[in-house]
Amino acid sequence: MNIVIGDQRDLADILESPSLDTLHGRDQVSLFIPQLRSSYAMCLWPIRVQCGARDEMLFPRSISAVLSVLGATRAFASLGPVTDLRIVNSQIHPDGFIRDAVVAEDVFPGPIIKGKKGDSFLINVINELRDPRMVTSTSVHWHGLFQHGTNDMDGVAFVTQCPISPNDSFQYKFSSTDQTGTYWYHSHIAAQYCDGLRGPLVIYDPHDPHASLYDIDDDSTVLTIADWYHVPSPEAGIVPIFDSTLINGLGRSVDGPRSPLAVVSVTPGKRYRFRLLNMACEPNYNFTIDGHSMTVIEADGVNVQPYVVDFIQIYASQRYSFILNANQTIGNYWIRAAPNIGTQTFDGGLNSAILRYTGAPNADPNTNSRPSTRPLLETNLHPLVAKPAPGTPEPGGADIRIELAVSVVDNVTKFAINGATFEPPTVPVLLQILSGAKQASELMPAGSLYNLPANKTVEINIPGGAIGGGHPIHLHGHNFAVVRSAGSDALNYRTPIWRDTVNMGETVLDNATIRFTTDNPGPWFLHCHIDWHLQAGFAVVMAEDMPNISKVDNPTHAWKDLMRG
């Protein structure tokens, strides 16, 4: 379905018109508003790109900005597992404020990329960026996928690859192997994903063990939460305050227009598997749906024992699947995502979306939130099939024990881990290793790399209390057993939750403890997923099984060409 708006009709009326309520998840709504189309010439600011053998000056050219909103009211368009993914500058207005952004396929969030268990993904990322006010090189990380044997496809600029320059492209090629569940993709260079390059990635299991618990699981049941900023990331400051919360790409800001909110449609009597993703650059959110409970069945791609809650605190980059039974009175109900910082009220539809039963009027809800009686506790999450933590069931019972002490330095403008602030090296870490580096001590950046021999159990303790927390710590290339969760002193070695992002805790009494086995050769990033903190050096690299990386990971010709420029 395409709608062309050629006059000055109110955009909110168009988006909430009854004709859109019948859309299915696979349908696509495109809006094109001629009045907002404009052309402008960019200043020819030269940008110097250095990576591996590359050292060149780029001169951006003029472009046209076209406002296009894809899937604005219901669901995202979807792609994959074999697809092109165009990265472009586009004018968007998710909360009513028009700004230039960096997006995939002209939309925010980016289209769902999806496949099935065991699928091979071939995603050709095409860089068409031109706007010098934002980063014009790019890379794309496939968050939560282990990339076993394909470390070169992990998508981290200056760790596993050189960035993709404007007018260039790079094909990511990897397999989902036996992974299923809810993931996402995002830029992994500077703070570019804060400018819009982020979207869902779903891998479906044809034999989902939870399938009997729900009726509907499609594009329309993907729920994304994101923070949004009215200024480009390079101008935003060290740790800026976001302007609005977007649910499925729509929201409202304080003192902003009454812009459309996302509407999630349900049919009475049906059971829905919703896939909830926090794609924020900073905040964690307290997520609730008025009048409804939620049965959690997945955390970060891991099936869990069904767990009934009424409140989910979800940190940046974490994901949960939950079942919602549409068994309440036909009507409209507020979906709420209260951030831990910034404006935390729901006045006028802030931090909100709408759950609308079929047959309910097109109107804002008048429901009220209630105090939580069943909040999600990480310690109550257990895998559907128990998987004990590796090592022996006692503190320190692993081959390798690492403590990562986080501090702030340089007048609280930078983070350091064990005294070292991560600075992206001029030559990607993987290229350094493939070029002959044999020890972590030979790798740059000095002090930020840890040598992990093959087939060892690793225990990492991360004390809490660092300023700006809680910090969501994400490890590439693995998920891990959460032996100890923030806010608890209990140790669980027998039935811990396995996930890929964990909150390290806000107080000095907290200590997140994780374990994994070194069975995936490659340099893997471990970092805070508050993107502003990563920019400020909150990261290290786990150089895993260095002697065998070249035997397991045979980079493609395209990767080698990218390194050569």
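Hydrogens, waters and symmetry mates play no part in the numbers below; they use all other heavy atoms, side chains included. Fair warning: this is a prediction, and the values are worked out from it, not measured in the lab.
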Next item on the list: Apply side chain to side chain contact (heavy atoms under 4.5 Å, CB included) to H527 and V540, showing your working.
Entry: CA-CA 6 Å; H527 62 90; V540 294; over 6 Å; no
Notebook entry, point to check: Is there a side chain to side chain donor-acceptor pair (under 3.5 Å) between D218 and Y204 once you walk through the steps?
Noted result: CA-CA 10 Å; D218 58 20; Y204 293 94; over 6 Å; no
Next item on the list: Please lay out, stage by stage, how Y307 and N380 fare under the test side chain to side chain contact (heavy atoms under 4.5 Å, CB included).
Entry: CA-CA 8 Å; Y307 175 26; N380 287 343; 3.2 Å; yes
Notebook entry, point to check: Where do L223 and L277 land on the side chain to side chain contact (heavy atoms under 4.5 Å, CB included) test, with the steps shown first?
Noted result: CA-CA 6 Å; L223 294 174; L277 304 89; over 6 Å; no
Checklist line | Check against side chain to side chain contact (heavy atoms under 4.5 Å, CB included), K438 and M546 | finding: CA-CA 7 Å; K438 302 298 184 184; M546 286 182 59; 5.5 Å; no
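Looking only at atom types and distance, the side chain of D545 has a donor-acceptor partner in the side chain of N548 under 3.5 Å away. Between the side chains of D195 and Y193, no donor N or O sits under 3.5 Å from an acceptor N or O. Of the N and O atoms on the side chains of R130 and N167, at least one donor lies less than 3.5 Å from an acceptor on the other residue. In the model, N461 has a side-chain atom that pairs as donor or acceptor with a side-chain atom of T513 under 3.5 Å. With hydrogens and angles left out, the side-chain atoms of S233 and Q192 include no donor and acceptor closer than 3.5 Å. Side chains of D208 and Y214: a donor-acceptor N/O pair is present below 3.5 angstrom, by distance only. Side-chain contact of S441 with Q439: a donor-acceptor pair under 3.5 Å is absent, judged by distance alone. There is a side-chain donor-acceptor pair under 3.5 Å between R273 and S321. Side-chain atoms of T495 and N492 form a donor-acceptor pair, as typed in the model, at a separation below 3.5 Å. Looking at Y172 and Q161, their side chains do bring a donor and an acceptor atom within 3.5 Å of each other. E544 and H478 share a donor-acceptor pair across their side chains, judged by distance under 3.5 Å alone.
Between the CZ atom in F108 and the CG atom in N248 there is a gap of 10.0 Å [rounded to 0.5 Å]. Once rounded to the nearest 0.5 Å, the distance linking CD1 of I433 with OG of S550 reads 9.5 Å. Note that CE of M504 is 11.5 Å distant from OH of Y315, once rounded to the nearest 0.5 Å. Between atom NE2 of residue H186 and atom OG of residue S139 there is a gap of 9.0 Å, rounded to the nearest 0.5 Å. Between atom CD1 of residue I467 and atom CD of residue E506 there is a gap of 12.5 Å, rounded to the nearest 0.5 Å. A distance of 5.5 Å separates CG of N278 from CD1 of I314, quoted to the nearest 0.5 Å.
The existence of a salt bridge linking D168 and R564 is excluded, since no basic side-chain nitrogen approaches an acidic carboxylate oxygen closer than 4.0 Å. The existence of a salt bridge linking D300 and R499 is confirmed by a sub-4.0 Å separation between a basic side-chain nitrogen and an acidic carboxylate oxygen. Salt bridge D219/K114: present, at least one basic N to carboxylate O contact under 4.0 Å.
Ring centroids of F174 and W142 are separated by less than 6.0 Å, placing the two rings close together. Ring to ring, F422 and F525 are close: their centroids are under 6.0 angstrom apart. Ring pair W532/F415: centre-to-centre distance not below 6.0 Å. Taking the centre of each ring, F538 and H471 come in below the 6.0 Å mark. Here W559 and H557 keep their ring centres 6.0 angstrom or further from each other.
The backbone N or O of V458 sits nowhere less than 3.5 Å from a side-chain atom of R515 that would complete a donor-acceptor pair. Distance alone, capped at 3.5 Å, places no donor-acceptor pair between the Y285 side chain and the A316 backbone. Checked by atom type and distance alone, the side chain of E459 never pairs as donor or acceptor with a backbone atom of V483 at under 3.5 Å. A distance-only check finds a donor-acceptor pair linking the side chain of N520 to the backbone of G477 [under 3.5 Å]. Looking at Q432, its side chain does come within 3.5 Å of a backbone N or O of V427 through a donor-acceptor pair. Not a single donor-acceptor pair under 3.5 Å links the side chain of Q179 to the backbone N or O of K117. Side-chain atoms of T517 never come within 3.5 Å of backbone atoms of D519 as a donor-acceptor pair (strictly under, hydrogens ignored). In this structure, S176 contributes its side chain and G118 its backbone to a donor-acceptor pair below 3.5 Å. A distance-only check finds a donor-acceptor pair linking the side chain of N127 to the backbone of I164 [under 3.5 Å]. Side chain of T457 to backbone of D399: a donor-acceptor contact under 3.5 angstrom is found.
Heavy-atom minimum distance, T160 versus G155: OG1-N, 3.4 Å. When every heavy atom of A440 is checked against every heavy atom of Y450, the shortest pair comes out as CB-C, 4.3 Å. Of all non-hydrogen atoms in A389 and W498, the two that sit nearest each other are CA-CZ2, 4.3 Å. Here the shortest heavy-atom pairing between G199 and P109 reads CA-CB, 4.4 Å. Annotation for S175 and T177: closest pair OG-N, 2.9 Å, computed over non-hydrogen atoms. Of all non-hydrogen atoms in I497 and L381, the two that sit nearest each other are CB-O, 3.6 Å.
A heavy-atom distance below 4.5 Å is found between the side chains of V296 and L376. The shortest side-chain heavy-atom distance between D500 and L475 does not fall under the 4.5 Å cut-off. Side-chain atoms of R401 and E403, non-hydrogen and from C-beta on, never get closer than 4.5 Å to each other. You'll find the side chain of I87 reaches within 4.5 Å of the side chain of V125, heavy atoms only. Taking 4.5 Å as the limit, every side-chain heavy atom of P383 sits out of range of all side-chain heavy atoms of N303. The shortest side-chain heavy-atom distance between R319 and R275 does not fall under the 4.5 Å cut-off. Within the 4.5 Å cutoff, no side-chain heavy atoms of L85 are placed close to those of Q171. In this structure, the side chains of H143 and S317 come closer than 4.5 Å at one or more pairs of heavy atoms.
Between H188 and H529, the ring planes lie perpendicular to each other; the angle is over 60°, past the 30° to 60° tilted range. Classification of the H476-H141 ring pair by plane angle, with boundaries at 30° and 60°, yields parallel.
Within 6.0 Å of NZ on K116 lie no more than 12 heavy atoms contributed by other residues, nucleotides or ligands. Enclosure of atom CG in L384 by more than 12 non-hydrogen atoms of other residues, nucleotides or ligands within 6.0 angstrom is indicated.
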